[in-house]
Undergrad: 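One structure coming up, written as structure tokens, with questions to follow.
These numbers were taken from a predicted model, which means no experiment stands behind them. These values consider heavy atoms only, across backbone and side chains, with no hydrogens, waters or symmetry-generated copies. When a residue number appears, it is its place in the shown sequence, counting from 1.
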Amino acid sequence: MRVLVVERDPTYSRASTVLSAGGIRQQFSLPENIRMSRFSARFLRNINEHLGVPNEPPVDIQFQPSGYLFLASPQDADGLEATVKVQREEGVQVTLLSPTQLKEKFPWIDTEDVAVASYGLEDEGWFDPWTLLTALRRKAMSLGVLSCTGDVRGFVTSAEDVMPLQGPDRLCARIKHVHVYMKDSLEYQPVTCAIVVNAAGAWAGELLEAAGLPEALRQPPLPIQPRKRYIFSWHCHDGPGLSCPFLIDTTGAYFRREGIAGNYLGGMSPPEEEEPDPSDLSVDHDFFQEQVWPRLARRIPAFSSLRPGSSWAGYYDHNSFDHNGVVGPHPRLNNLLVAAGFSGHGLQHAPAAGRALAELVLKGQYETLDLSRLGWGRLVRGEPLVEGGVV
């Protein structure tokens with residue numbers, strides 16, 4: 001088997017991975033997402049067994065173990081408690097804290113309007129995304145994976161390969177070739193393929209609108225679009241210390257510690273009606289001043305005197321259908337697999353999603369993790385599989 005990875009940006013300067021906050025958590029509401037996180041935590045814990053390369057330095061992703069702390073308002077308390085029950089059934093080590101217990105453990109938090117909090121006790125924290133990305137790439141190259149710089153903009157399906165699927169109005173086919181365009185060029189290279197994996201992140205939906213795929217074969221459409229998200233950093237001399245968790249406020253604002261010198265980073269998702277233009281990665285600094293900072297300063301009074309630092313923006317592969325990843329084979333294109341649309345938790349679930357797709361390619365079925373419910377079937381049926389723990 002020969003594997004070719006087509007990468008639009010070989011510097012990864014605009015890649016969602018390296019522009020993320022680098023967190024991993026077990027606190028999700030769906031069993032599949034919890035299981036993926038548990039798999040990824042084990043993978044990262046033993047990363048050199050999986051990604052070590054002979055005669056190369058060991059991989060150090062600079063993992064910072066610290067639980068995620070979710071704060072719930074009175075109207076959201078029942079939902080959080082129900083979610084924690086699911087997490088515990090899946091083996092997650094998580095505790096519920098009353099406002100009094102929360103204040104005792106983290107005295108720098110203002111607990112007003114907090115009814116209950118959940119705090120992860122194991123396999124949560126953050127790490128360096130760039131190191132994980134380069135380690136995965138280095139290992140793949142050492143195993144003979146080929147890589148090229150280009151942009152997939154077209155597909156070729158063979159006309160004689162189009163066949164009815166459960167009736168004359170239902171068709172299926174196979175992709176014979178993909179057209180890989182060189183950077184800043186109208187020239188392309190056709191690449192013959194037995195299997196195609198669409199892991200294009202925020203552009204996964206756009207990719208399936210490429211030339212050469214008849215509309216009938218693109219149904220249902222992949223509901224994934226790029227959304228722009230900001231991450232801001234700041235310094236606060238009197239802010240939370242080493243025990244600082246990855247905190248998710250009742251308002252949706254979040255932050256975590258960055259190093260040990262009073263530095264932090266965080267952000268929040270804007271309301272749907274205020275989504276920023278994703279055509280570039282410029283940063284709206286007013287969003288921090290007017291939306292993020294006031295929410296965080298209300299929750300952590302010490303942040304009232306913080307000093308803003310650098311900031312950046314990255315792409316979020318937003319699944320508008322149910323904010324969940326789409327994993328598995330396409331319902332009409334028999335040799336197309338997809339892994340995209342994780343809506344903010346793709347980095348932490350990448351090892352698990354990669355394992356799942358590898359099993360589909362090599363064995364034709366899931367073995368380690370059954371991700372069938374995350375497949376295209378729910379899109380076909382119009383039945384969302386909603387994840388309640390989207391940050």
Undergrad: Could you tell me whether Tyr366 atom OH has more than 12 heavy atoms of other residues or ligands within 6.0 Å of it?
TA: yes

Undergrad: Which atom pairs, donor and acceptor, lie under 3.5 Å between side-chain atoms of residues 316-326 and protein residues at least two apart or in another chain?
TA:
{"residue": "Tyr316", "atom": "OH", "partner": "Ser343", "partner atom": "O", "Å": "2.9"}
{"residue": "Asp317", "atom": "OD1", "partner": "Ser343", "partner atom": "N", "Å": "3.4"}
{"residue": "Asp317", "atom": "OD2", "partner": "Gly341", "partner atom": "N", "Å": "2.8"}
{"residue": "Asp317", "atom": "OD2", "partner": "Phe342", "partner atom": "N", "Å": "3.2"}
{"residue": "His318", "atom": "NE2", "partner": "Arg227", "partner atom": "NH2", "Å": "3.4"}
{"residue": "Asn319", "atom": "OD1", "partner": "Phe321", "partner atom": "N", "Å": "2.9"}
{"residue": "Asn319", "atom": "ND2", "partner": "Asp322", "partner atom": "OD1", "Å": "3.1"}
{"residue": "Asn319", "atom": "ND2", "partner": "Asn324", "partner atom": "O", "Å": "2.5"}
{"residue": "Ser320", "atom": "OG", "partner": "Pro223", "partner atom": "O", "Å": "3.4"}
{"residue": "Asp322", "atom": "OD1", "partner": "Asn324", "partner atom": "N", "Å": "3.2"}
{"residue": "Asp322", "atom": "OD1", "partner": "Arg378", "partner atom": "NH2", "Å": "3.1"}
{"residue": "Asp322", "atom": "OD2", "partner": "Arg378", "partner atom": "NE", "Å": "2.6"}
{"residue": "Asp322", "atom": "OD2", "partner": "Arg378", "partner atom": "NH2", "Å": "3.4"}
{"residue": "Asp322", "atom": "OD2", "partner": "Leu385", "partner atom": "N", "Å": "2.8"}
{"residue": "Asn324", "atom": "OD1", "partner": "Asn33", "partner atom": "ND2", "Å": "3.0"}
{"residue": "Asn324", "atom": "ND2", "partner": "Leu385", "partner atom": "O", "Å": "2.6"}

Undergrad: I'd like to know if Arg295 pairs up with Glu290 as an ion pair, taking the criterion as any Lys NZ or Arg NE/NH1/NH2 lying under 4.0 Å from an Asp or Glu carboxylate oxygen.
TA: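 No salt bridge links Arg295 with Glu290.
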
Undergrad: Assess whether a salt bridge exists between Glu56 and Arg138, defined as any Lys/Arg side-chain N lying under 4.0 Å from an Asp/Glu carboxylate O.
TA: yes

Undergrad: Checking Thr95 side chain against Tyr119 main chain: does a donor-acceptor pair fall under 3.5 Å?
TA: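 Flag not set: sc Thr95 to bb Tyr119 has no pair under 3.5 Å.
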
Undergrad: Looking at Thr83 and Ser29, what are the two nearest heavy atoms and their distance?
TA: CG2-CA, 3.8 Å

Undergrad: Is the Phe70 ring parallel, tilted or perpendicular to the Tyr68 ring (thresholds 30°, 60°)?
TA: parallel

Undergrad: Sorted by first residue and then second, give each side-chain hydrogen bond (donor to acceptor under 3.5 Å, both in side chains) pair with at least one member in residues 205-222; sequence neighbours left out.
TA: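 Non-adjacent pairs meeting side-chain hydrogen bond (donor to acceptor under 3.5 Å, both in side chains): Glu209-Arg218.
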
Undergrad: Is it true that Glu359 and Arg355 make a salt bridge, defined as a side-chain N closer than 4.0 Å to a carboxylate O?
TA: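 Salt bridge flag = yes for Arg355 with Glu359.
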
Undergrad: Tell me the closest heavy-atom pair linking Arg174 and Ala194, and the distance in Å.
TA: NH2-O, 3.2 Å

Undergrad: What about Val6 and Val145, same hydrophobic cluster or not, with Ile/Leu/Val/Met/Phe/Trp/Tyr joined at side-chain heavy-atom distances under 4.5 Å?
TA: no

Undergrad: May I ask whether Leu51 and Tyr12 are part of the same hydrophobic cluster, defined by side-chain heavy atoms of I, L, V, M, F, W, Y residues being less than 4.5 angstrom apart, directly or through others?
TA: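 No, separate clusters.
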
Undergrad: Does a side-chain heavy-atom distance below 4.5 Å link Ile24 with Asp123?
TA: no

Undergrad: Contact between Met268 and Asp249 at the side-chain level, heavy atoms closer than 4.5 Å - yes or no?
TA: no

Undergrad: Does Lys228 reach the main-chain N or O of Asp277 with its side chain, forming a donor-acceptor pair under 3.5 Å?
TA: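 Checked: pair present.
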
Undergrad: Run through Phe232, Tyr264, Phe288 and flag the one making a ring-ring contact (aromatic ring centres under 6.0 Å, His included) with Phe303.
TA: Tyr264

Undergrad: If we only count heavy atoms from C-beta on, is the Glu124 to Phe246 side-chain gap below 4.5 Å?
TA: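 No, side chains not in contact.
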
Undergrad: Does Ala117 have any side chain to side chain contact (heavy atoms under 4.5 Å, CB included) partners at least two apart in sequence or in another chain, and if so, which?
TA: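 Ala117 satisfies side chain to side chain contact (heavy atoms under 4.5 Å, CB included) with Leu69, Leu71, Leu97, Leu102 only.
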
Undergrad: In terms of side-chain geometry, is the basic nitrogen of Asp113 or Arg299 positioned less than 4.0 Å from the acidic oxygen of its partner?
TA: yes

